[in-house]
Amino acid sequence: MGTEPLFEKGEEIMSFFEILTIIIPSTLLTAAPLIFTSLGGMFSERSGIVNIGLEGLMAVGAFAAAVSTLGLEHSGLGDASPWIAILIAGAVGGLFSLIHAVVSISFRADQTVSGVALNFLAAGLTIFLVKLIFDGKGQTPYITHNIDKVDIPGLAKIPFLGPLFFQQVAYTSYIAILIAILCWFIVYKTPFGLRLRSVGEHPAAADTLGISVIKMRYIGVLLSGVLGGIGGAVYLVTITSNYNVTTIAGQGFLALAALVFGKWHPIGAMGASLFFGFAQALSITSQQIPYLDRLPSVFMLIAPYVLTLIVLTGFVGRAEAPKADGVPYIKGQR
Amino acid sequence: MSNLLKKVNWMTLLIPVISVILGLLCGAVIMLVIGYNPVLAYQSIVESIFLQPYYGGETIRAMIPLVLAGLAVAFSFRTGLFNIGVEGQLMVGWLASVACAISLGHLPKILLLPLSIVAGGAAGALWGFIPGFLKARFKVHEVISTIMMNYIALYTTAYLIKNFLYTEGERTPTIPSAASLASPFLANLTQGSRLHWGIIVAIIAVFAMWFLLWKTTKGYELRSVGFSPDASNYAGMSVARNIMLSLTISGIFAGLAGAMEGLGTYQYMTISSAFTGIGFNGIAVALLGLNTPIGVLLAGALFSGLQNGGLTMQANAGVPVELVNIIIALIIFFVGSSYAIKWALSRFSRKGKK
C-alpha cells in the first residue's frame, strides 16, 4: 500500500476523459436494444397486459433479423440489408406477439403463464427453424453487413462533446432515443395515449365511455411485439451478428427490469435502459479503468437487478404498475 | 371410494389431458408440414423410454429436479403466488450443496450427505424468502422480484465459483464420494445412465407437499390465503407471514432440485452464463399437474420423457429435438387457455344433446 505511483493531476483528468470516451459510446450501444424493448413492454403494460414474453419477442426479432439480413445480403442489397432486416423483425415480432394477445386477452389466460409460454415457444421455434434452414446447425452464419459504429459526420468534430457522444456510435442508439421521445408524446399527448392508459387503469370506466378495451389491449400487445422484435434485431445487427441459443440471454428480462425501474414511463424506461447499458458497459470495461478494476465485475452485473428491487420497495419513490395490469377484462364483471 | 370420485371435477381433469393431446397433435402437424414422419418420431420417443434402459434411466434422472421444481412452483401457486424464481433458487441450492460437500469433505457419509442436501434446501429457502419478505413488507410483486433474484443468483454463483471453488474446466472440483447420491447399482441397472438416489428425495418431497398443504393447520392457512387473502385476514390469519412462509418453502423445494443436480447428476457445478431451464420447465409441470403433488409427478414424467426421448427422435426421424420445446410451450398455452377449452367443450356438449 502506498507504493503505487499516484497520477499527476493533469494526467488523471486526461485519462478520465479517455475513460468516458470508451464508456459512453459503449453505453449507448448496449442501451439501444433495451430502450426499444422496454418501450414495447410499456405499451403492453399500459394497456393492462403484463408481458413477461419480452425475452421471447427479442429472440424472435433477433432470429428474423439474422435470417433476413443473410437473405438480403445474398441478393445484393449490401449495407441496406440490416436496416430492412430490422423492419422485417419488427413485423415478425408483431405477428408473434399476437399469440400472447389472443391467449391472454381473448382466452383470458393468466398473462404471466402466457408470457412464460411465449418465451418457451420462441426459444424452441427459433432454434428449430435455424436447424431447418442451415442444415442441422444450431446457429446461423455471421452476417457480414452489420450496423457499424461510426463517427457521425459534422457532429463528431465538435470539441469535447464530439468524442464523447458522436464518435464510434451506432445510428440505432440515436433512433432509439428519438423513438422514446415519440412514445412519450404518443402516450401522454394524444387521444390514443389517453385511451391506452385509461384501459390499463380502469377498463370498466373506459368501456362505458365507448372505448373498446379489447381493441386497445390488442394494439398495446402488438406494439410490444413490434418494438420487442426491433429491440432483438438491433441487438443482433449491432452487437452479436449471429443467432444462437444464447444470443438473447436475459436481455428481454433486463428490458422488463428497465420498464419497472423507469416506473412504466417512456422517458423513465429510456433512462433506466441507458443506466443498465452503462452498468453493462462498465462491467465489460472496468478492468481497464484504474480503481474500478479492483471492484469485482459481479457488482456491475447484478446492479441493475438489485437497484430495480430497491426501487420497487419504495425507498426511492414508489413504482406503481398500471392499476388493471394483469387483470383480464370481462364485460359486466365488477 | 365413490364419494371420492364424486368430488373430482371431471372438467378440470379433462383440461390437462386435452391440452397434452392438442400439443402433440400440433407437433405432428408441424412435422407433417415440414415433411417429417410424425408416427416414426413419436414412436421412437416411446420406444426409447420404455424399451431402452439407458433412456428410461435418464428420463427418471431428469424427472428428479423437474418434479422438485414443479413442486416449488405448485406450492407457491397454492398460496396465490407465482414463483418464477425457481431458476435462481435452484442455482444457489446447487452451489450451496456442492460447497458444503467440498468444505466439510472429512465428515462421514451419514452426516455429510444429509448436511449437503439441507444446505441446498436452506440456500433455496433464503432465495425464496427475500421475494416473500419484499412482497409481505413492501408489496413488491413477486413475479418481478423473483425474476430479478434469478439474475442476481446467476451472476453471484458464477462469481463465487470463479473466486472460491475454481478448478480446471470452468467448474468447481468434484464433490467427495461421501456426499454423492450417485449409485453404481442404479447405473448398472439402467446400462450406464446417471440415475441416482435423489429419486427418493423427490418422492419424499411429493409426499411432503401433500401432507403439509392438506394435513396440517399451517397448510390450511396457506391454501386459505391463496383462495382469499381478505377472508383469511378477517379470520385472523396473518397474510404477510403466510406469504413469506409459502415462498420460503417453495424455495426449499427449488434448492433441493439444485442439490440433486449437484450431488447426484453432475457431482460438481459449472460456471454458467445461462439458466438450466429446469425452473421454467417447472412452471409448465406445475400448470399441467394442476398444482397437485401427484399431478406434478405425472407431468414431470411426461415432460422429461419427451425431452429425453426427443434425443432419439432426432437420431431416428431427423426431427430437431427443439420440437419438444415447441410442444411443451403449446401445452402451456392450451392449459392456460382453459377458459377457451371449457367454452368449446360446453358448446360441443350442447350441440350433442340436441
Side-chain angles (χ1 to χ4, degrees), chain A residues 50 52 56 99-100 102-104 106-132 136 138 245-246 249-250 253-254 256-257 260 283 296-302 304-309 312-315 318-319 321 325-326 328, chain B residues 30 34-35 82 84 88 130-131 133-135 137-141 143-145 147-160 162-163 273-275 277 280-281 283-284 287 314 318-341 343:
Chain A
V50 168
I52 303 284
I99 304 175
H100 184 48
V102 170
V103 172
S104 60
S106 299
F107 293 170
R108 297 174 200 169
D110 185 304
Q111 294 164 12
T112 306
V113 169
S114 170
V116 167
L118 200 70
N119 289 337
F120 254 106
L121 188 61
L125 192 65
T126 52
I127 299 300
F128 183 75
L129 290 175
V130 165
K131 282 190 176 170
L132 283 188
V245 189
T246 60
F253 285 117
L254 195 58
L256 185 71
V260 176
S283 73
S297 64
V298 65
F299 288 110
M300 296 300 160
L301 287 170
I302 65 172
Y305 309 104
V306 175
L307 287 169
T308 303
L309 283 180
L312 283 168
T313 57
F315 287 130
R318 185 143 186 85
D325 207 9
Chain B
I30 294 172
I34 296 168
F82 201 148
I84 303 200
I130 296 171
F133 173 75
L134 291 176
K135 168 120 186 169
R137 178 75 180 73
F138 300 107
K139 300 212 165 30
V140 177
H141 202 289
V143 167
I144 300 285
S145 61
I147 290 175
M148 300 301 120
M149 291 299 286
N150 279 345
Y151 283 93
I152 297 173
L154 180 69
Y155 294 121
T156 310
T157 52
Y159 169 76
L160 289 176
K162 201 163 228 163
N163 287 281
S273 60
F275 293 115
F280 287 120
N281 277 316
I283 298 171
L287 288 170
Q314 185 161 5
V319 186
V321 66
E322 280 73 22
L323 183 77
V324 167
N325 292 341
I326 298 176
I327 292 173
I328 291 179
L330 292 172
I331 292 176
I332 314 177
F333 274 125
F334 290 127
V335 175
S337 312
S338 57
Y339 162 77
I341 294 182
W343 178 83

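In what follows, chains are A, B, ... by sequence order, proteins preceding strands, each numbered from 1.
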Pairs of heavy atoms under 4.5 Å with chain A: top-ranked of B:Ile84, B:Ile144, B:Ile283, B:Leu134: B:Ile144
Is there a side-chain contact between B:Asn281 and A:Phe120 (heavy atoms, below 4.5 Å)? yes
Could you tell me which portion of B:Ile327 (side chain, backbone, both or neither) has an atom closer than 4.5 angstrom to a non-hydrogen atom of chain A? neither
Side chain, backbone, both or neither: which part of A:Thr308 has a non-hydrogen atom closer than 4.5 Å to chain B? side chain
Which region of B:Ile30, side chain (C-beta onward) or backbone (N, CA, C, O), has a non-hydrogen atom less than 4.5 Å from a non-hydrogen atom of chain A, or is it both or neither? side chain
To the nearest 0.5 angstrom, please state how far the CD atom of B:Glu322 sits from the CG atom of A:Leu125. 10.5 Å
Determine the option with the most heavy-atom pairs under 4.5 angstrom with chain A, choosing from B:Tyr159, B:Phe82, B:Phe333. B:Phe333
Name the orientation class of the two ring planes belonging to B:Phe280 and A:Phe253 (parallel below 30°, tilted from 30 to 60°, perpendicular beyond 60°). parallel
Could you look at B:Val319 and say if it's the side chain, the backbone, both or neither that has a heavy atom under 4.5 Å from chain A? side chain
For A:Ser114, side-chain hydrogen bond (donor to acceptor under 3.5 Å, both in side chains) partners two or more places apart: A:His100
What part of A:Ser106 lies closer than 4.5 angstrom to a heavy atom of chain B: side chain, backbone, both or neither? backbone
Of the listed residues (B:Val335, B:Ile147, B:Asn325), which shares the most heavy-atom pairs with chain A below a 4.5 Å separation? B:Ile147
Would you say the side chain of B:Val143 lies within less than 4.5 Å of the side chain of A:Val50, judging by non-hydrogen atoms? no
